[in-house]
Amino acid sequence: MEDHQNSEAPPTFIPALFKPPSLLPIARHRAALLYLVETFPVVIVVGQTGSGKTTQIPQFLNDAGWCNDGKIVAVTQPRRVAATTVAARVAQEMRCELGQEVGFSIRFEDVTSAKTKIKFLTDGLLLREALVDPLLSRYSVIMVDEAHERSLSSDVLLGLLKKIRKRRPELRIIISSATLQAEDFLNFFAGGEEGVRESDGADELGGDVGRIISLEGRMYPVDIHCLEEPTEDYVERAVKTVLDIHIKEAEGDILLFLTGREEIERAIDLISDKISELGIKSPSLQALPMYAGLPTDQQMYVFEPAAEDTRKVIISTNIAEASITIDGIVFVIDCGFVKLRAYNPNSGIETLTATPVSKASATQRAGRAGRTKAGKCYRLYTEQASNALEEATVPEIQRSNLAPIILQLKALGIDNIARFDYLTPPPAELIIRALELLFSLGALDDYAKLTKPLGLRMAELSVEPMMAKVLLSAPSFNCLSEILTIAAMTSLQASVWFYHDDRKKATETARRKFAVEEGDHLTLLNVYQAFVTRGKKDAKWCRDHYINYKAMTQAVSIRNQLRRYLERFGIEVAESLNAPEVMRVGGMDKEEMIRRCLTMGYFSHAARMQSDGSFKSVNGLTLWAHPSSLMFNRKADWVIFHEIMETGKKIFIRDVTKIEKGWLLEYAPSFYHVK
DNA sequence: GAGCACTGC
């Protein structure tokens, strides 16, 4: 928890949301809210963004004595930035230093103290705290914010809280949700208790378990327009709509929702073409992209007010639907699609595909037009299509690889995974696939019980199960220091390399300097070792080699955290910084030890190169090396890979390393049915 | 010879 180099600077856009507490609509609900929390174990709070629920409710609870006797009020957030910025705001309102009475806790950063009464943290981190303190006994109240987003960790957290509540009747649970899915949450907590309540005539929803309270949000009406006829090309149609608005409508900025970088760039090009074509001068139109992969400095432009006589049009992915709020939007254009990740339990492949939005999503997007005054929303689909949309987005728990979360539940002592109380149960195939994987890795025994110490340790490590197995196998291959690095590097979400569209050749040449013949994992090791020896204090070195400095410092943090876990297990880490190919251990090259060790965890991610350069997976699928992989243009026979994902028409594998076929049989005989 | 929506430990 000592790594502070990752602390995000509070973004400038969030404080704009904050109003003086006395002006917030929630102030009028204070007494009612406290009464409900006093009386019922579960309270569902329905309120719009800007209602002040996140900043005010914890303070009300503190004033009412819920933090007496050393107890803590916990507020979970789905995102790290939210936890840090909201904590800072509440500390300011309470006139205390951040980290004292009010603090936050996120991965790599714990800004709390013995005095902390109100603690903001990510939902994933609270779930991890339960591994150490299964009843979460430090907390008198736990507020799960933004529960309607239905993230994997908040869903599991709610299931866990329902279980904890039976052992801790004094615990208070507050669930905050921006949309009207409140009844689902209340029904969930009331469910399973109805049997005992039936006779005493508690026919009201929720019975004695809880109540819903609705806070007034500040929203202006939004006029919604659908298309008469469906469009063939919504990017083109969106651009036409942008120009129609710009020419005909009064002032106000435009927010256009598209699905990804490619579409966004195309829309921006089309808009600039149209502007010159139509000779638009004043008022002028400024198109700005917004997506997660955009460098931070470029993201910041969307929050700056446009120049005089200029209308901003922000062209964004789904990031503007939940994660960020942009002021001054009066017009929203909604293409009706979102890219969603899904996991196919039969093939074990993740897909990333554009999917129609849900009604809840469409409503949320339209609402972005009504934050400052009455607005308009143009949907690039027909009313009929709009009526046919699903009510809500399929929760993450129903479309994810469940191996990590099942491992965590097992470690929490929840043995019967199928009968765990899920808000929405995942499909059986997802559970079966996850159990099979965990069994083949040795994390579960024949009775599906967590093995000790292997399975338990795998659950505690903050990397996915296959890599956790590799890490715990590394000591016996004499390559723990190297595997620690590889584990950290492969769990980065940001790319290690910068991509310059205009300087592709130079990027390639830079990358080739670090390339190791055997594959991507050893190449990543090479980059890391070069970084810590030469580039750590030298951002210029990183720039010269097209290496992402921020991603590399992140890798250092992850590696430190993993090393601390291992040390807690009593596993010594002998650090070595030698180039892998020069080390020989017992007649075997170190690089071979590393590749053998990787096979211990990734044996099910094996494939063989075909004559056309594609790969054939062990279950017969045709795979392609991702262009970012060394194996994209090299020859190989058998390989293992870190990740497999389907986009467009091809299935890509990323982080690919050469192995020997024999190792598969040697390290995973039961998986490959060797007698 | 081509590309990853968004989070989190």
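Residue numbers start from 1 in every chain, and the chains themselves are labelled A, B, ... in the order their sequence lines are given, proteins ahead of strands.
- For R261(A), counting side-chain heavy atoms from C-beta on, the closest listed nucleotide (dC9(B), dA5(B), dG1(B)) is dA5(B).
- Whole-Å rounding puts the K339(A) NZ to dA5(B) C1' distance at 7 Å.
- T122(A) comes within 4.0 angstrom of the backbone, heavy atoms only, and of no base.
- We find that CE of M631(A) is positioned 19 Å from C1' of dG3(B), with the value rounded to whole Å.
- Counted by atom type alone, T259(A) and E263(A) present one or more donor-acceptor pairs between their side chains at under 3.5 Å.
- Contact between the side-chain N/O atoms of R80(A) and the OP1/OP2 oxygens of dC9(B) is found at a separation under 4.0 Å.
- Across the protein-nucleic acid pair, M645(A) atom CE and dC6(B) atom P stand 12 Å apart, rounded to whole Å.
- Across the protein-nucleic acid pair, L157(A) atom CG and dT7(B) atom P stand 20 Å apart, rounded to whole Å.
- Residue S491(A) is classed as having no contact, given no heavy-atom separation below 4.0 Å to the nucleic acid.
- Sorted by first then second residue, the side chain to side chain donor-acceptor pair (under 3.5 Å) pairs that include residues 450-468 of chain A, not counting sequence neighbours, are R107(A)-S462(A), E460(A)-R568(A), S462(A)-Q561(A), E464(A)-Y602(A).
- Regarding E265(A), its CD atom lies at a distance of 11 Å from the C1' atom of dG3(B), rounded to whole Å.
- Comparing dA5(B), dC9(B), dG3(B) against the side chain of I106(A) picks out dC9(B) as the nearest.
- Here R128(A) lies in heavy-atom contact (under 4.0 Å) with a base.
- The salt bridge (Lys or Arg N to Asp or Glu O under 4.0 Å) search around R433(A) returns none, not counting sequence neighbours.
- Between F514(A) and H545(A), the gap from one ring centroid to the other is short of 6.0 Å.
- The side chain of Y291(A) lies closest to dC6(B) when the candidates are dC9(B), dG1(B), dC6(B).
- A salt bridge links D233(A) with R266(A): the distance from a Lys NZ or Arg NE/NH1/NH2 to an Asp or Glu carboxylate oxygen falls below 4.0 Å.
- Residue-level contact check: F632(A) touches the bases, meaning some heavy atom is under 4.0 Å from a base atom.
- Of all nucleotides listed (dG1(B), dC9(B), dG8(B)), dC9(B) comes nearest to the side chain of L125(A).
- Whole-Å rounding puts the R341(A) CZ to dG3(B) C1' distance at 15 Å.
- Residue E396(A) contributes atom CD, which lies 17 Å from atom P of dA5(B) at whole-angstrom precision.
- Taking for each of P627(A) and D123(A) the nucleotide of DNA chain B with the nearest heavy atom, the 5'-most of the two is the partner of P627(A).
- The phosphate of dC6(B) has OP1 or OP2 within less than 4.0 Å of a side-chain N or O from T317(A).
- The CG-P distance, from L407(A) to dC9(B), rounds to 18 Å in whole Å.
- Of the residues near DNA chain B, L340(A) and V463(A), the one whose nearest nucleotide (by heavy atom distance) lies more toward the 5' end is L340(A).
- For I319(A), the listed nucleotide lying nearest its side chain is dC6(B); candidates were dC6(B), dG3(B), dG8(B).
- Each of dG8(B), dA5(B), dG1(B) was ranked by its minimum atom distance to the side chain of A292(A); first place goes to dA5(B).
- Counting any heavy atom pair closer than 4.0 Å across all strands shown, E646(A) reaches no nucleic acid atom.
- Salt bridge present: E149(A) and R79(A) bring a charged side-chain N and a carboxylate O closer than 4.0 Å.
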